[in-house]
Amino acid sequence: MCGRTSCHLPRDVLTRACAYHDRQGHQRLPEWRDPDKYCPSYNKSPQSSSPVLLSRLHFEKDADSSERVIAPMRWGLVPCWFKEADISKLPFNITNCRSDTIMEKRSFKVPLGKGRRCVVLADGFYEWQRSQVTSQSQPYFIYFPQAKTDEPGGGEAAHSPECWAKLWDNWRLLTMAGIFDCWEPPEGGELLYSYSIITVDSCSSLTGIHPRQVALPALAPRTFREGMPAILDGEEAVSKWLDFGEVPAQEALKLIQPTENITFHPVSSVVNNSRNNTPECLTPLSLVVKKEPKASGSSQMMMQWLTTKSPKKEAPRSPQKDKPAVPQWSSQFLQKSPLPTKRGAPGLLERWLKRESEEPAAKRPPCE
């Protein structure tokens with residue numbers, strides 16, 4: 001999986017997209033913790049904040065473990081046992097958690113034993129396909145297939161920007177299995193909640209884009225090389241993963257498998273830069289309006305000259321003394337030396353004129 005996701009929905013829309021049924025079968029909406037820390041973005045990278053679902057029991061001792069809350073967390077797990085005051089000194093990257101080593105590494109085994117399981121919410125994630133011909137790579141946006149609407153071109157087949165925009169009114173969020181931890185600064189201060197996304201082997205439909213252990217080009221983010229995220233497909237899978245009070249870790253880990261229930265489309269290379277946060281990041285490439293390249297300064301100067309100095313036919317003139325055929329615009333492109341010319345050394349234009357006057361007339365091009 002690559003190191004980029006998207007979660008751009010407004011907070012109220014995101015909340016409605018996370019509606020669920022509690023243990024009594026009542027439909028509910030999850031409550032927020034620290035809602036002001038949620039920052040919607042089309043282009044989220046590691047160390048940024050993303051919304052995750054988790055059980056209310058993690059925050060309230062007497063709560064029902066089936067009840068859910070949404071909390072923004074840092075992408076990139078900081079273990080609770082890390083002793084440095086500066087988290088940038090963490091000697092390893094924990095943005096991903098490989099499913100085949102989750103029970104071997106202390107950073108994952110400890111929080112998993114405490115039931116610290118979460119569901120990372122996203123519109124989808126990005127992946128890069130390396131070209132077999134060039135060193136460039138094509139980014140893709142990968143997400144759940146969306147329910148078809150009555151609008152022409154709705155659902156999976158959005159053939160216009162208008163239809164594509166309407167899909168977000170009822171978007172099915174991608175639900176990825178994660179592990180989180182709570183770190184307290186050694187000298188005291190605000191607790192830091194952070195998470196890591198569990199990854200599995202790529203499903204068959206994604207192996208052509210990003211097989212596991214592939215060497216990514218320098219253009220693409222290098223944070224992830226582990227295939228695809230462990231996607232929890234359906235309400236039952238999400239409930240079992242979150243309800244650590246009723247579902248033990250060994251049973252919950254059986255949910256961590258590749259899924260084929262995904263779709264994807266190519267997107268613009270604008271997503272390559274994590275600072276770009278625009279709808280173009282996830283819009284299908286076929287719907288992106290290409291911008292005309294801006295003319296350079298020299299091109300604009302040439303166009304201006306062509307429109308104002310276009311050649312015109314003139315009446316024959318009486319014979320005059322031959323003059324060097326110097327184009328009127330040549331002086332505009334001659335670079336002026338910042339230093340004065342040496343005494344006795346002719347300048348560039350003077351030497352060119354002298355050569356023209358000494359050249360036999362037969363070899364000179366005729367004047368127009």
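Quick note: residue numbers are just sequence positions, from 1.
- Note: Trp171 and Phe141 have parallel aromatic rings, judged against thresholds of 30 and 60 degrees for the angle between ring planes.
- Of all heavy-atom pairs spanning Thr5 and Trp75, the tightest one is CG2-CH2, 3.8 Å.
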Check the pair Cys281 / Val270 against side-chain contact (heavy atoms from CB on, under 4.5 Å), numbers first and verdict last.
CA-CA 6 Å; Cys281 290; Val270 70; 4.3 Å; yes

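- Taking CG from Leu242 and CG from Leu57, the interatomic distance works out to 12.0 Å, rounded to the nearest 0.5 Å.
- Heavy atoms from other residues, nucleotides or ligands lying under 6.0 Å from CD of Glu260 number more than 12.
- No side-chain donor-acceptor contact under 3.5 Å links Asn43 to the backbone of Asn277.
- Two residues are said to be in side-chain contact when any heavy atoms from C-beta on lie closer than 4.5 Å; Tyr20 and Pro30 meet this criterion.
- The structure places OG1 of Thr259 at 6.5 Å from CZ of Phe144, a figure rounded to the nearest 0.5 Å.
- Annotation: side chain of Ser268 is in contact with side chain of Leu285 (closest heavy-atom distance under 4.5 Å).
- The closest donor-acceptor contact from the side chain of Asp181 to the backbone of Pro79 lies at 3.5 Å or more, if one exists at all.
- A donor-acceptor pair under 3.5 Å is absent between the side-chain atoms of Trp241 and the main chain of Val119, judged by distance alone.
- Here CG of Asn96 is found 12.5 Å from CD1 of Ile179. Values are rounded to the nearest 0.5 Å.
- Tyr126 does not carry Arg4 over the face of its six-membered ring by the limits of under 6.0 Å from the centre and within 45° of the normal.
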